[in-house]
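A quick write-up on the structure given underneath.
Labels below follow one simple rule: chain letters A, B, ... track the order of the sequence lines, proteins then strands, and each chain is numbered from 1. Hydrogens, waters and symmetry mates play no part in the numbers below; they use all other heavy atoms, side chains included. As the structure is a prediction and not an experimental result, all values here were calculated from the model.
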Protein chains: 2
Amino acid sequence: MELAAGKLKFIEAWGKLGSEWGINRTMAQVHALLLISPEAITTEDIMEQLSISRGNTNMTVRDLIGWGLVEKQHKAGERKEYFFADKDVWNIARQVAKERKKRELEPVLKILSELSSVTGEEKDPEFKTFQKSVSDINKLAKSVDKTMEAMLKADQNWFLNSILKVFKP
Amino acid sequence: MELAAGKLKFIEAWGKLGSEWGINRTMAQVHALLLISPEAITTEDIMEQLSISRGNTNMTVRDLIGWGLVEKQHKAGERKEYFFADKDVWNIARQVAKERKKRELEPVLKILSELSSVTGEEKDPEFKTFQKSVSDINKLAKSVDKTMEAMLKADQNWFLNSILKVFKP
DNA sequence: GTTGATGTTTAAACAAATCTAAATTTTTAA
DNA sequence: TTAAAAATTTAGATTTGTTTAAACATCAAC
């Protein structure tokens with residue numbers, strides 16, 4: 001396959017994967033484009049290459065910056081803004097984990113802890129099942145939270161090696 | 001908080017979490033309802049409790065069965081079908097991991113391997129960046145794939161203990 | 001200040017995902 | 001068989017999410 005076709009395929013695949021995981025398709029595509037761009041590129045570049053509007057590009061890029069995946073660059077003597085993506089996949093994974101932990105996991109942990117104190121008849125099967133499910137999910141969620149925390153602190157080799165070591169003793 | 005309010009809150013939270021992770025909100029809500037139901041329940045029960053149509057209930061429940069999270073039960077002398085959710089959170093996590101691996105991770109791995117053989121000018125920065133990004137993502141994706149595979153084989157205590165042990169020596 | 005280039009916001013158009021209502025099929029029991 | 005109960009399918013309505021176009025704001029150079 002030629003480079004040009006490969007790029008398109010990569011952008012498409014990244015967009016699809018993103019949308020399957022609750023990330024706006026266009027945002028994932030812009031990220032993909034930035035991932036394979038050796039130099040920082042402009043809004044115009046993104047608009048052209050992905051055929052999307054200026055407004056969409058602007059909002060999407062700012063979202064990506066909000067996720068900590070992309071940064072602005074300024075070139076001396078130019079008003080235009082340039083955008084550049086961190087290409088270290090380990091940083092990317094950590095950044096995404098960090099944001100999802102903050103945006104999704106933590107709110108759920110909060111609700112689960114509120115739900116732990118729901119009152120009811122001890123004998124009521126409805127109540128017992130509710131309590132059990134909430135408590136089990138709570139425990140798992142806390143484990144996940146801790147694992148993510150460790151991941152955020154760790155460096156890649158240490159983390160992956162530790163994980164992989166566990167699986168082939 | 002009272003049980004009734006707790007149930008609603010749980011269903012709502014589960015639905016929200018699902019939709020943030022690319023799972024249809026209603027499907028997550030039906031799953032939540034089943035998770036806190038001590039006994040198998042009918043289509044009618046689901047329709048009533050979540051105020052959704054029969055058709056929607058039917059499709060959603062079949063999806064959940066397709067994900068391996070819910071099963072049909074037949075009661076002697078009744079035509080009606082009853083539905084019951086596995087309440088073991090470890091099984092649930094594994095089941096979801098298994099399906100997402102199959103539905104999303106594996107197709108991506110396939111595309112990445114195709115993209116590994118894209119041809120181009122060795123000196124071209126565009127080509128070099130493309131190759132590097134694809135290859136790095138490929139490596140990470142393979143690690144994730146292996147980790148999931150291990151998770152699918154492992155039992156909960158072994159897995160979680162192994163993970164947690166790594167993080168507090 | 002004015003102009004043109006760029007960045008930002010937002011109302012409305014558009015697209016995609018979801019849901020319903022109703023038609024259809026299947027099943028079971030009389 | 002037939003009837004009625006339940007399950008399934010699907011066309012279209014509805015809702016939600018996304019994108020655009022255009023108005024507006026900001027900035028830098030003249």
Using a 3.5 Å distance criterion without hydrogens, assess whether the side chain of [X] forms a donor-acceptor pair with backbone atoms of [Y].
| X | Y | answer |
| --- | --- | --- |
| A/T119 | B/M1 | yes |
| B/T129 | B/E126 | no |
| A/K87 | A/S37 | yes |
| A/D136 | A/S133 | no |
| A/K142 | A/L109 | no |

(message) Could you measure the distance from the CD atom of A/Q95 to the CG atom of A/D86? Nearest 0.5 Å is fine.
(response) 8.5 Å
For the pair made of [atom1] in [X] and [atom2] in [N], what is the distance, rounded to whole Å?
| X | N | atom1 | atom2 | answer |
| --- | --- | --- | --- | --- |
| B/H74 | D/dA6 | NE2 | P | 14 Å |
| A/F83 | C/dG7 | CZ | C1' | 9 Å |
| A/K72 | C/dT6 | NZ | P | 15 Å |
| A/N24 | C/dA15 | CG | P | 16 Å |
| A/I23 | D/dG17 | CD1 | P | 16 Å |
| B/K16 | D/dG17 | NZ | C1' | 16 Å |
| B/R25 | D/dG17 | CZ | C1' | 13 Å |

(message) Test of understanding: clusters of I, L, V, M, F, W, Y form through side-chain heavy atoms closer than 4.5 Å, transitively. Do A/M47 and A/M59 belong to the same one?
(response) no
(message) Tell me which residues in residues 29-65 of chain A lie within less than 4.0 Å of DNA chain C, going by non-hydrogen atoms.
(response) A/T43, A/R54, A/G55, A/N58, A/M59, A/R62
Do [X] and [Y] sit within salt-bridge range, that is, some charged N less than 4.0 Å from a carboxylate O?
| X | Y | value |
| --- | --- | --- |
| B/K101 | B/E149 | yes |
| A/K110 | A/E106 | no |
| B/K16 | B/E12 | no |

Please list, pair by pair, any protein nitrogen or oxygen found under 3.5 Å from a nitrogen or oxygen in nucleotides 27-30 of chain C.
{"from": "C/dT27", "atom 1": "O2", "to": "B/R79", "atom 2": "NH1", "distance (Å)": "3.3"}

(message) Here's a test of your reading of the structure: between B/Y82 and A/T26, which maps to the more 5' nucleotide of DNA chain D?
(response) B/Y82
(request) Look at the rings of A/H31 and A/W14 and say which category their plane angle falls in: under 30° parallel, 30 to 60° tilted, over 60° perpendicular. (result) tilted
(message) Tell me the bend of the helix from C/dG1-D/dC30 to C/dA30-D/dT1 as the angle between end helix axes, each from five pairs, rounded to the nearest 10 degrees.
(response) 10°
